[in-house]
Amino acid sequence: MKQISAGLQTHLENEVTSLCRCWAIERKDNVKLGFTDHDNDLVIDGTLFEKNAGMEASNVEERLGLNVDSTDITGAFQSERITEKDIEAGKYDNARVTTYIVNWSDPQQYFVDRILLVGEISREDGQFTFELRGISSLLDQTKGRHFVKSCQADLGDGACGVNLNSSSVGATATVSQTVSGSGNDFTVTGLASFSSNWFSGGHLTWTSGANSGTRIEVSHHSKQGSKASIQLWQAMSEPIEVGDTFNISAGCDKTFETCKFKFNNHLNFQGFPHMPGNGYAVRHAGNSDKLDGGPIIQ
């Protein structure tokens, strides 16, 4: 139930009202941004809501029960506070969006309309679209473990236990050469002690240059003598320059063999590598089978 103050209730009962919509976006890095469709900046509880931010909302679908509510917010990159670089870096993923109905003639008169979460973000012709999902969308997320062969942990997390800061797992490197016209393919120094494909599927975090602070997944790693080539899954939003530095961690394909022989971490493997495959469910018994109730796989 929406809570409306007595002052705003009185205003709503007038024949003429002065209402606008505001959005407060709270990112996981504790940055809070405010935007409004009003033609003047508004300040609500100490937060600046930027005017004419190029934002407009589609119709909100509201359903009873546990169905996921959804809406879209569309806008141009008119606000300097929303950048393509931050979006590509994932800073708006699953951000919390609070929408307000505000009396712009007295901004302290407002009520919270909805609380939503940022879903997919798309770009087209210089505009972005934020898909906003209801809080009930959290109920659609898988919790717990699956009975599957592959590991369900992420390399370096609490369940995995591998130390990504170990010199045997990750390293610091420097860009020595870039490929003309490419924002995701370059040659580096500092990885000579690692064999090819060690970092394929791993992650890279830039520590200097225009992309500093951005984390991205590595597509392919190959070694040529003292130099190595790195290819990223997608091009960086800012140019990669010679001399840019980064931290890089090993890749893991989540198989038991990789966990055991690459990381010596098989005791922490978070999968079920010895579970029977589908073939065991449909095969017929043979004369040579030993059907004594013992384990199928030793």
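Scope of the values below: all heavy atoms of this structure, side chains included, with no hydrogens, waters or symmetry mates. Position 1 is the first residue of the sequence; numbering continues from there.
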Other ILVMFWY residues reachable from L267 by side-chain steps of under 4.5 Å: none
Side-chain cluster (under 4.5 Å, hydrophobic types only) that F261 belongs to, other residues: none
Under 3.5 Å donor-acceptor, S166 side chain and S168 backbone: yes
No-hydrogen, no-angle side-chain donor-acceptor test under 3.5 Å, E241 and T178: no
side-chain contact (heavy atoms from CB on, under 4.5 Å) involving A95 - partner list, sequence neighbours excluded: I25, V118
Side-chain donor-acceptor pair present, T47, D45, cut-off under 3.5 Å: no
Evaluation steps, side-chain contact (heavy atoms from CB on, under 4.5 Å), between Y110 and I101: CA-CA 6 Å; Y110 66 88; I101 302 299; over 6 Å; no
N247-T172 side chain donor-acceptor pair, cut-off 3.5 Å: yes
Transitive ILVMFWY cluster of F194, excluding itself - 4.5 Å side-chain cut-off: V175, F186, V188, L191, W198, F199, L204, W206, I216, V218, I230, L232, M236, I240, F246, I248
Members besides F269 in its Ile/Leu/Val/Met/Phe/Trp/Tyr cluster (side-chain heavy atoms under 4.5 Å): F256
Side chain to side chain donor-acceptor pair (under 3.5 Å), paired with S208, selected from T174, D244, T245: T245
Pairs where residues 151-180 contributes a residue and the test ring-ring contact (aromatic ring centres under 6.0 Å, His included) is met, not counting sequence neighbours: none
Validation row: L164, H203 side chains within 4.5 angstrom (heavy atoms): no
Salt bridge present between R27 and D93 (N-O < 4.0 angstrom): no
Side-chain donor-acceptor pair present, S176, T187, cut-off under 3.5 Å: no
Short side-chain donor-acceptor distance under 3.5 Å, D106 and N103: no
Salt bridge present between D113 and R21 (N-O < 4.0 angstrom): yes
Q109 (side chain) donor-acceptor with V102 (main chain) under 3.5 angstrom: no
Under 3.5 Å donor-acceptor, E257 side chain and K262 backbone: no
Distance-only donor-acceptor check, side chains Q224 and S222, under 3.5 Å: yes
